[in-house]
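Indexing begins at 1, ligand by ligand and atom by atom, following the structure's order.
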Amino acid sequence: MRLDWQAPLGLGSLCASVLSFFCSEQQSAVSHHPVLPPSYPLAVRNPYLSAWMPSDRVQNLPHAEPQFWAGQNLGWSVIVRVDGRAYSLMGVKNTSASDIHPAIVHRAEFTASHSVFDLSAGPVALTLDFFSPVSPSNYLRHSLPFSYLTVHVTKSRGHDIQVYSDIDGRWTGRPRRSQSAFEEADGLAYYSLTVPTARKYAEANDMALWGQAILASRPSDSSTLTASSGNAAEVRGLFAGEGNLAGVHEAWSHESVVALAHDLGKVDGGASVNFVVGYERDHAINYLGEPQTGYYRAKYPTTSKALSFFLDDYGDALLESLKLDQELASSATAAAGPKYADIVTLSTRQAYGGIDVTIPADSLDTNEVLAFIKELSSDGNVNTIDVIMPAFPIYYVMDPDYIRLLLEPVMKYLDAGRWRLPYTIHDLGSSYPHATGHDDQRAEPMPIEECGNLLVLALAYVRATGDVSWAAQYTEIFKQYADYLVHNSIDIANQLSSNDAAGPLPNETNLAIKAAVGLKAFGEMSGYEYYSRVGNEHANLFFEQGLGTDDEKTHFVLRYPDRPKSWKTPYNLFPDVLFDLDTFPAEAYKMNDAFFRSKSVRGEYGVPLDNRQDWAKSDWNMWLAGTFGTATRDEFVDDLWAFMTSGKHTWPFSDRYVATSKKGANPGTPILCRARPTVGGHFALLALQGPRSMKSLSRYPSGPGISNQGYGKAEARFRSRIEEL
Ligand SMILES: *[C@@H]1O[C@H](CO)[C@@H](O)[C@H](O)[C@H]1NC(C)=O
Ligand SMILES: *[C@@H]1O[C@H](CO)[C@@H](O)[C@H](O)[C@H]1NC(C)=O
């Protein structure tokens, strides 16, 4: 049993001084469940709908503004009125400006698809449930660029209740140039915020300038809905005073909000209302000059129809999410303990929040589904191969078709002959949403990295789905890259690997390992035994013959030859274990297991990337943990969990952070990377349980014939192998 996390000391004394005017009733600290995260996902569904609540703001939720993933504050408030007295639940920065009193926050919780906050407002209890569905196989549900906010009222004894929410122009990225529009259609009311002067596909500070921010709701049997837009203090003041909105749309300014309010009347017991926030882009992605649009548009081509369906779908989406959240938590706990479950739970929305699921905007042909992923925070590249690679364990677990959906846009481009270098391309475009390739042949060069990745990813898809035909059509392309590895992966030219922040190196052992495993993967997938043999020979050279180890074979070196003291986390071994490829012998795994358990390489928050760095990569460390025996694996899980829950930082889950104080930096500090979909790599330990293991996810449209047999127990086989030694 674990105790729930409590806010550290200090908040109490803060209440006692500066904020005493609203803290007076609020003595106790908010409890966080299952643990304190750095930031709570609120509406996180794609690279442009990504709103978070930093956890250090939760104590003061009634005054707290959420943030876009990149750190810009967003205006989003929730107010409840009980018997004529208004209480702020979230986002009313200055309650002294109006007659709005802060509610009391008691509890915060995250699951894989919900963030839930419990508050009380005078005599009633309230829950804010921020729900971003994760339903990867249900392309319709998953592609909708909207998120639910459900406000539940409980313990009401005949109180008169109204519920209000608003958003402001900051959702557009250009509050001073935005405009609002109001529409009633298909039984609902919604506001859209746009930047009329924005160019299609233009971003500002990572926010989409084209498209529209959305606030929507619809009346229910038990509520009436009113709307207004205008100056924030006035609109909120009107609601606080009257309990409804006047339907007035004042001239828009950068201090304006758009607001919707439900009047529930007298409530006995409980009641709920649903709001929708979203960010819609009609043309979502520029794929080689042709627009792609959200998958849902095939069926729901207008905003109001899509919103109407989204509200209709709430019950089914909720049921699915409750099952998924529970199944994920219990299967992750069974795989590697409750701390591991906390890690993957917090990672889920973020991992899918980097992706758009699309179809061609002209044909709306649902047989041509593609997925696009943004390299958030590092550089905004599109469908980066070494982003899909670290993330793939979550697709393997939830829906391995995403490996194909994400690779297909790249494979089509390669197949068209537009990329002419002998090694594969790094990404499909320098800046999202422009998936326009690199006809100038100038993508960031990572030859061995990306060739190895592509071959491993293709095998992952084949293994998990049983679909051999997709990979077969590209065999010649894959073979070209396998040949590249045959000839270039022993005497390795100076080059970058995935962790480009660490700089280039010649003869990097971990790349040589990737190449050997990639060759095995291609040999296995294609049936060309030659490549399997070469992969085995390379592995033999690097391990048995010791080219990639120190003389005593205590560890793999960072680079060879003659760098016996250097080391790097050899996470590229993970696919060898996952797919049971037997590229490296059990002795190599035994060696790593002992080396990475040693105190000398482990910092306060785990093991850094290599002997030169003080920072760690969380995704690769979970990959590596998947190649260890239980004790070492658990240390890696403990260290990542300690970083995640330290309370020292408030970004969306950072996959790169200072792990050790050895170089004088503050351990536990995140570096550069936030909200990246690479946290899908945290699912590596769950992937070892087999593909498509989340049975609670709806499967739509149904994939190709699936057989899990034979792939489910890689972990058990692997453990018995190293334990025999
Ligand atoms: C809050 O609102 C009051 C009343 O309108 C105003 O006097 C005060 O300056 C505001 N405070 C802040 C921090 O904006
Ligand atoms: C890389 O390794 C090969 C094989 O051991 C060796 O011949 C070559 O000199 C090494 N290159 C560098 C730059 O160390």
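Crowding of E529 atom CD: a count of heavy atoms from other residues, nucleotides or ligands under 6.0 Å not exceeding 12.
Among protein heavy atoms, atom 5 (O) of ligand 2 sits closest to L547 CD1, 3.8 Å. Protein heavy atom at the shortest distance from atom 6 (C) of ligand 2 is N507 ND2, 4.1 Å.
For atom 11 (N) of ligand 2, the nearest protein heavy atom lies under 4.0 Å away. Remark: atom 8 (C) of ligand 2 lies closer than 4.0 Å to at least one protein heavy atom.
Both the sub-6.0 Å distance and the 45° axial angle are not jointly satisfied by K479 relative to the ring of F522.
Using modelled atom types, one finds a donor on one side chain and an acceptor on the other under 3.5 Å when comparing N453 with E450.
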Go through the steps to decide whether K590 and D593 satisfy the test salt bridge (Lys or Arg N to Asp or Glu O under 4.0 Å), and finish with yes or no. CA-CA 5 Å; K590 190 103 178 152; D593 185 73; over 6 Å; no

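Taking the side chain as every heavy atom from C-beta outward, M644 and Y605 never approach each other to under 4.5 Å.
Per-residue contacts place Y560 under 4.0 angstrom from the following atoms of ligand 2 (heavy atoms of the residue considered): 2 (O).
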